[in-house]
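First the structure, in the form of structure tokens, and then the observations on it.
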Amino acid sequence: VGVTGIAQSVTQYFSLLSDLGLGTVAVREGAQNPGRLQSVISSMLGLRLALSLVAVPLGLLTAQYLPYSEASRNLFRIYLFTLPIQALSVDWVFRSVQRMHLNTVLQIVGALVTFTLTVTLVRQPKDLVRVAGIAAVAAAVTAALGMLLLRRQGYSARPSFSVGESAYFLRQSLPLCATSVAITLYSQANNLILGAVRGDADVGLYVAATRLSQVCYYPIWLYFAAMSPALMQTWVVSRSEE
């Protein structure tokens, strides 16, 4: 648990580079401008994919300087290659159009794939490297299923890249990115500090405890995540009525 906890924590920081708060901007754009949702989908997928392809080599360059065990660094290197797959995720589209049941389907499928493969393939410490591979498989399955469900809603998941739209989205996302950095620093720094000072075992105990505590507040987070698109849409309606 400590080895995977360190690798996942470091990966979180590089996930920020491949997202930059764009997920929230995409939900807002889709909720407030449903008529141009297809354009938002294509541009957002292209931009996030480009950012992830920049984050991967940067992470590989950084990995050799991290003050952790070789097992943690190797697992982190493999996790990096899941970033382009995660960039193709379209779950945010279902949130923006308030099809939360489809978003729930994606989360359940991803969780079941992860659980099944982990119980089946990870039996001994030497199997830890498979954890990152399992994450990649789960991300690929949910991305593919998401694209299929998206097509059934009448939209295409074909990426495109526009400098103008990318610049617009990035300007909108920078404040959100700052918030994401602050949250990640708060939530992941302890794992990294413990890993550098005490080693994998202490990180494992800490990660196990914090993940159990997530059971208490995760339902609250899910509620507000489900409500946010409706609130964004209501804000636009109220402004137009003024």
Side-chain angles (χ1 to χ4, degrees), residues 14-56 82-110 139-184 221-242:
F14 287 88
S15 295
L16 289 176
L17 295 177
S18 63
D19 182 76
L20 296 179
L22 291 168
T24 303
V25 172
V27 171
R28 186 199 67 190
E29 290 292 320
Q32 296 182 357
N33 305 287
R36 61 183 301 266
L37 181 56
Q38 179 58 65
S39 175
V40 173
I41 293 171
S42 298
S43 298
M44 194 62 69
L45 288 177
L47 176 56
R48 292 180 64 179
L49 186 59
L51 290 172
S52 67
L53 294 176
V54 173
V56 170
T82 68
L83 296 182
I85 303 174
Q86 294 175 21
L88 296 174
S89 171
V90 293
D91 60 327
W92 60 269
V93 180
F94 304 126
R95 293 200 302 274
S96 68
V97 297
Q98 300 180 50
R99 300 288 191 273
M100 295 305 297
H101 61 287
L102 298 178
N103 199 30
T104 302
V105 168
L106 293 178
Q107 292 187 1
I108 291 174
V109 169
V141 169
T142 54
L145 178 60
M147 292 178 183
L148 178 63
L149 294 174
L150 190 66
R151 182 177 301 176
R152 294 175 64 89
Q153 296 296 308
Y155 300 102
S156 168
R158 183 177 60 256
S160 65
F161 188 83
S162 166
V163 174
E165 291 227 348
S166 296
Y168 167 75
F169 288 140
L170 288 173
R171 285 195 302 270
Q172 298 294 313
S173 70
L174 286 179
L176 295 169
C177 182
T179 302
S180 299
V181 170
I183 293 173
T184 304
W221 179 87
L222 286 175
Y223 173 77
F224 284 103
M227 287 292 295
S228 59
L231 294 174
M232 293 172 182
Q233 192 175 44
T234 302
W235 180 78
V236 173
V237 173
S238 64
R239 285 196 65 190
S240 64
E241 290 177 350
E242 291 175 359

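Hydrogens, waters and symmetry mates are skipped; everything else that's a heavy atom, side chains included, is used.
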Next on the checklist: Between Leu145 and Val105, is there a side-chain heavy-atom distance shorter than 4.5 Å?
Outcome noted: yes

Item to check | Distance (rounded to the nearest 0.5 Å) between His101 NE2 and Ile108 CD1 | outcome: 12.0 Å

Item to check | Flag side-chain contact, heavy atom, 4.5 Å: Glu165 against Val40 | outcome: no

Checklist entry - Side chain of Gln38, backbone of Ser156: donor and acceptor closer than 3.5 Å? => result yes

Next on the checklist: Show the nearest heavy-atom pair for residues Ala157 and Leu150, with the distance to one decimal.
Outcome noted: CB-CD2, 3.9 Å

Item to check | Backbone of Val93 reached by a side-chain donor or acceptor of Ser96 within 3.5 Å | outcome: yes

Checklist entry - Is the closest side-chain heavy-atom distance between Phe94 and Thr104 below 4.5 Å? => result no

Checklist outcome for this item: CG (Leu45) and CE (Met147) are apart, to the nearest 0.5 Å, by 6.5 Å

Next on the checklist: Before you tell me yes or no, could you show the steps for Leu37 and Ile41 under side-chain contact (heavy atoms from CB on, under 4.5 Å), namely the whole-Å CA-CA distance, both residues' side-chain angles and the distance that decides it to 0.1 Å?
Outcome noted: CA-CA 6 Å; Leu37 181 56; Ile41 293 171; 3.9 Å; yes

Next on the checklist: Using every non-hydrogen atom in the two residues, find where Ser52 and Pro84 come nearest and quote the distance to one decimal.
Outcome noted: OG-CA, 3.4 Å

Checklist entry - What is the distance from atom CZ of Arg152 to atom CG of Leu148, rounded to the nearest 0.5 Å? => result 6.5 Å

Checklist entry - Side chains of Leu17 and Leu51: does their closest heavy-atom pair fall under 4.5 Å? => result no

Item to check | From CG (Asp91) to CD (Gln86), nearest 0.5 Å | outcome: 10.5 Å

Checklist entry - To the nearest 0.5 Å, how far apart are CH2 in Trp92 and CZ in Arg48? => result 8.0 Å

Next on the checklist: Using a 6.0 Å cut-off, check whether atom CZ of Arg36 has over 12 heavy atoms from anything other than its own residue.
Outcome noted: yes

Checklist entry - CG/Leu49 to OG/Ser160 distance, rounded to the nearest 0.5 angstrom? => result 11.0 Å

Checklist entry - Between Ser43 and Phe161, is any pair of side-chain heavy atoms under 4.5 Å apart? => result no

